[in-house]
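Comments concern the structure below.
Values below: all heavy atoms of this structure, side chains included; hydrogens, waters and symmetry mates excluded. Numbers restart at 1 for each chain; the letters A, B, ... are given by sequence-line order, proteins then strands. In this text, all values refer to a predicted model and were calculated from it rather than measured experimentally.
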Amino acid sequence: MSLTSRDVEKIAHLARLGITDQEKPVYASNLSKIVEFVDQLARARTDGVTPMAHPLEGLTQRLRADEVTEADGREKYQRNAAAVQAGLYLVPKVIE
Amino acid sequence: MMKDWEVVIGLEIHAQLATRSKIFSGAATAYGAPPNTQACLVDLAYPGVLPVLNAEAVRMAVKFGLAIGAPIAERSIFARKNYFYPDLPKGYQISQYEQPIVGRGSLEIVLDEGTATRIGITRAHLEEDAGKSLHEGLANATGIDLNRAGTPLLEIVSEPDMRSAKEAVAYMKKLHTLVRYLEICDGNMQEGSFRCDANVSVRPRGAEKFGTRAEIKNLNSFRFVEKAIQHEVARQIELIESGGTVVQETRLYDSDRDETRSMRSKEEANDYRYFPDPDLLPLAIDRAFIESVRASLPELPDQKAARFVSDYQLSRYDAGVLSASRETGAYFEAVVARVGAAHAKLAANWVMGELSSALNRDNLEIDAARVGPQSLGGLLDRIIDGTISGKLAKEVFEAMWSEGRDADAIIEAKGLRQITDAGAIATAIDAVIAANPKQLADYRAGKDKLFGFFVGQVMKATGGKANPAQLNDLLKAKLGGG
Amino acid sequence: MSWHARSVAELAGALERREISSVALTGHFLDRIGALNGALNALITVTADQALADAAVADRRRAAGERGPLLGIPLIHKDIFCTDGVRTSCGSRMLDNFVAPYDATVVARLKAAGAVMLGKANMDEFAMGSSNETSHYGPVRNPWDLDKVPGGSSGGSAAAVAARLAPLSTGTDTGGSIRQPAALCGVTGIKPTYGRVSRYGMIAFASSLDQAGVFARSAADAAAALGAIAGFDPRDSTSVDAPVPDYAATLGAPLTGLRLGLVKEFSEALEPRNGALIAAALDVFRALGAETTTVSLPSLPLSVPTYYVVAPAECSSNLSRFDGVRFGYRCADPRDLRDLYERSRGEGFGAEVKRRIMTGTYVLSAGYFDAYYLKAQQVRQLIAGEFRAAFQRVDLLIGPTTPTPAFGIGAKIDDPVTMYLNDIYTIGANLAGLPAISAPCGFVDGLPMGVQLIGPHFAEGRLLNAVHRYQLATDWHDRSAPGYA
């Protein structure tokens, strides 16, 4: 299966990746090759096979006791943020 | 051309589960902390961190499932719902998609006129809440507070079984009652603990196919749900009747303007790319656990209401009102315990009447009532034993409410004790008759209606304290006696 | 023998006998890094001051009577592990300014064991690559030939141990990212069973495949390090709550009767010189008492396409958190929210990462999910089932680690699919969550090659034992890259 620059645009938007117009055909060609490569999966006979989401099947989710274990770390955690004001993370104005 | 339209409503209710810590992290869930002080590394989606599921959230979901008669999935799966939004730090929400923890159940609602309808619940699943975007006080920016991010939510999805805004509200109220009974959600709608999205469509009555629906978001009060649905229904009918078509979209209810409007921002990216979250293993719930949760269930609202009807001979409506919250039911039963089951109807009238309006007036929860069930019972005792009339009791109640003293103290202090001494009442009657010869003559000439005049005069003379039944009998005898 | 040529056990002995202090040993390795890293580019960050301070603490702990195989031993962490107060870049411009506020469990455990971190190793960006060329910090060079790649994604960790900049390093392996660079650099690298080592604090690439492991010059050294990092972690829901065996204690067990299965699909079409090395390794194992047989896993050839659906799918979601808001790269003067996202991510991620995010987004998107993601998870089930069946018949599987020795820098970088095929022998173990190890087994064109052993779940002890006995019988693992002796 071959992907077009338009497909790349759609995917890049879903993934919120800014790519330039010059890059689009390059990604289209790269992704087409990758998709073509993985298309060989279609050959496998998988009727009735349960999809495997985890390498250790049979294990189940362990549960945590409902306890507050985390203290306020805002000051430390926000040192990595580019824009903070009054304890809030800032993003460009969102209009709803 | 006017048509007869049928309204079809389904609700998605998000109930924040009342756990101490978040669904996948050990950060506190308390409301109202300074921004981002309850957002730990997991809530902030820091690189490298991983979710670990809160056992209490699971227990609460199971509790809910059992209460609506739904099957609990022995194995349920957490999935990632992928989309970008600033209040969603990971860029995906951990939710349940194909295998939710709670399967199909139902809830019975009773409308004012007493008709009962069963509303189907498609499923309920566990997921995490998002943070909050704040727009005020920031120049050209939106501020993100992630304290709420990761708060456990139970999303309760109904079938499209409701046919009016009233039914939708009744269903929502019933769920609200239930989650508080179960103590799995504090139900605080102002703080967003219990929120509703409504899917609304209309179709010509009798049509089989559903109309195109709009999803109205951001409904955080019963009143808004009712108004938003009414508004949306009117909008859709008007649109269709003027030749337009309803488009499937998300709409936001603006309570200030009482209108819904399209939320285009949420429209564009709706390919959520759900897939099982590889950081979480399948959630297994065994029979023994389910049974232990079942054993811990409290008496549920419907059970309580049925018991009120059979034990106290209350009407179904009264029983419904009195069982609407665990606290109200407990208050009512404490009053009944004092005055006796024979006077349950009197207790019910007072709880739903005077008490309820006083609570509303002062905006208090029943737990904070200024007249407790023992005090109210004390007051009712005085009605029952004839010490005061029902009318005076209301005055006493008001005094109890504002002064915080019990009924007897107020009755004494105000001298409100009913006059049951036949001699005293007779004296008062004689004085009134003597002072009103004309009315007496008219009465005796056949003007029966004047009886009320004499009752009023005697009551006035006795400061309203004359025992009404005695007064009646004595007055009748004296007026007729000539 | 110079300090950097000694094994971990020898160094621990020397520390215990006070022949050298951890401070001096740390200083020795820091000097070596100072002299050699410029050409290799194996480390992104060197934490010299912190290392010397930690070494001093280790010396005091030892003086106070504490013992331990890693107490005072220097090591290097792959820059994918979060290190409290130290930049953790993951090889990406996206995290060039990111100082982790916490330690990964692997880091914390090694710290607790007294190991001394010298710095953070270079790696392919977000561990996506097989050559270490996708790093924002430039390629790592192979100590055996500076024009060749060291393999990836843990290329810096492998090159550092090969160049003897540290006796140990940590790595992560999602599709071969420990074993492939171990093979290409001539060192020993083990990827444990999925769930054996906590993933907490390890920046996620593909969560159902990622597993932390170690590089060392021998299986014995690797056993000491693995013993320290393995074990249950309540912060990782996928970590397994099972006791950790004493790997060192079983290293020397005889291999008599060990059933080794040569993977048919791995040995077919093998380049003859590579095939000869594997045959020679089999001879050694037979001489040690092992029985060898051939085992077929017919779905295994589909492991690479399976992987290149599953891994990108998971990565596309895992990397959504890098949005320029709470940490990491943020573009200058975003016009609006969409611009903030698209430029921060567009500028912060490199080409290979973007390719994988887009591939993953594509295979999960409406209309393609069943044909790609679900199908791949089904094939994954087939592959895992074939491994399970194989382990009914044999104790360990054996084969090459890589199809070829290290290739030239720049040779494959423009062709993603060709690059992906480097991992053809290693990916199967990740899909099935199996432990696997690569050990040096000879040379092709003067470049080291590795033999790979794969075990059933939690057979790390058996893998280390087999390789240890092999290394007692051979000296491939003792060969040093020219100029790094």
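Residue F78(B) holds its CZ atom at 7.5 Å from CD of Q61(A), rounded to the nearest 0.5 Å. The CD atom of E70(A) sits 12.0 Å away from atom CD of Q38(B), with the distance rounded to the nearest 0.5 Å. Between the OH atom in Y77(A) and the OG1 atom in T37(B) there is a gap of 11.5 Å [rounded to 0.5 Å].
Within 6.0 Å of atom CD in E191(B), more than 12 heavy atoms from other residues, nucleotides or ligands are found, so the atom counts as buried in its surroundings. Atom NZ of K10(A) has 12 or fewer neighbouring heavy atoms from other residues, nucleotides or ligands inside a 6.0 Å radius.
The contact between S25(B) and chain A is made entirely by backbone atoms, counting heavy-atom distances below 4.5 Å. Proximity to chain A is limited to the side chain of Y46(B), based on heavy atoms less than 4.5 angstrom apart. Only the backbone of A86(A) comes within contact range of chain B, with heavy atoms under 4.5 Å apart. In this structure, chain A has no heavy atom under 4.5 Å from any part of R59(B). Using a 4.5 Å cut-off between heavy atoms, T19(B) touches chain A through backbone and side chain atoms alike. Proximity to chain A is limited to the side chain of V58(B), based on heavy atoms less than 4.5 angstrom apart. If you measure heavy-atom distances from P276(B) to chain A, the contacts under 4.5 Å come from the side chain alone.
Shortest non-hydrogen contact noted between H135(B) and K93(A) is O-NZ, 3.4 Å. Of all heavy-atom pairs between P282(B) and L59(A), the closest is CD-O, 3.8 Å. Between F84(B) and R16(A), the shortest heavy-atom distance links the atoms CD1-CG, 3.3 Å. The minimum heavy-atom distance linking H54(A) with D277(B) is given by the pair NE2-O, 3.9 Å.
Each of L41(B), L283(B), D145(B) has some count of heavy-atom pairs under 4.5 Å with chain A, and the biggest count is that of L41(B). For the options A28(B), G91(B), A57(B), heavy-atom pairs under 4.5 Å to chain A are most numerous at A28(B).
Distance alone, capped at 3.5 Å, places no donor-acceptor pair between the R20(B) side chain and the E67(A) backbone.
At a threshold of 4.5 Å between non-hydrogen side-chain atoms, the residues N36(B) and V84(A) do not count as touching. You'll find the side chain of L281(B) stays beyond 4.5 Å of the side chain of R62(A), heavy atoms only. Side-chain contact between L88(A) and P35(B): present, with at least one pair of heavy atoms (C-beta onward) separated by less than 4.5 Å. Counting only heavy atoms from C-beta outward, the side chains of N54(B) and L63(A) never approach each other to under 4.5 Å. Side-chain contact check for Y89(A) versus L44(B): some heavy-atom pair is nearer than 4.5 Å. Side-chain contact check for L138(B) versus Q85(A): some heavy-atom pair is nearer than 4.5 Å. Contact annotation: the side chain of T142(B) never approaches that of P92(A) to less than 4.5 Å [non-hydrogen atoms, C-beta and beyond].
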Could you walk me through whether Y85(B) and V94(A) satisfy the side chain to side chain contact (heavy atoms under 4.5 Å, CB included) test, starting with their C-alpha distance in whole Å, then the side-chain angles of each, then the deciding distance to 0.1 Å, before giving a yes or no? CA-CA 10 Å; Y85(B) 208 68; V94(A) 178; 3.4 Å; yes
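With 3.5 Å as the limit, one finds no donor-acceptor pair spanning the side chains of R75(B) and T60(A). Between the side chains of D66(A) and S21(B), at least one donor N or O lies within less than 3.5 Å of an accepting N or O.
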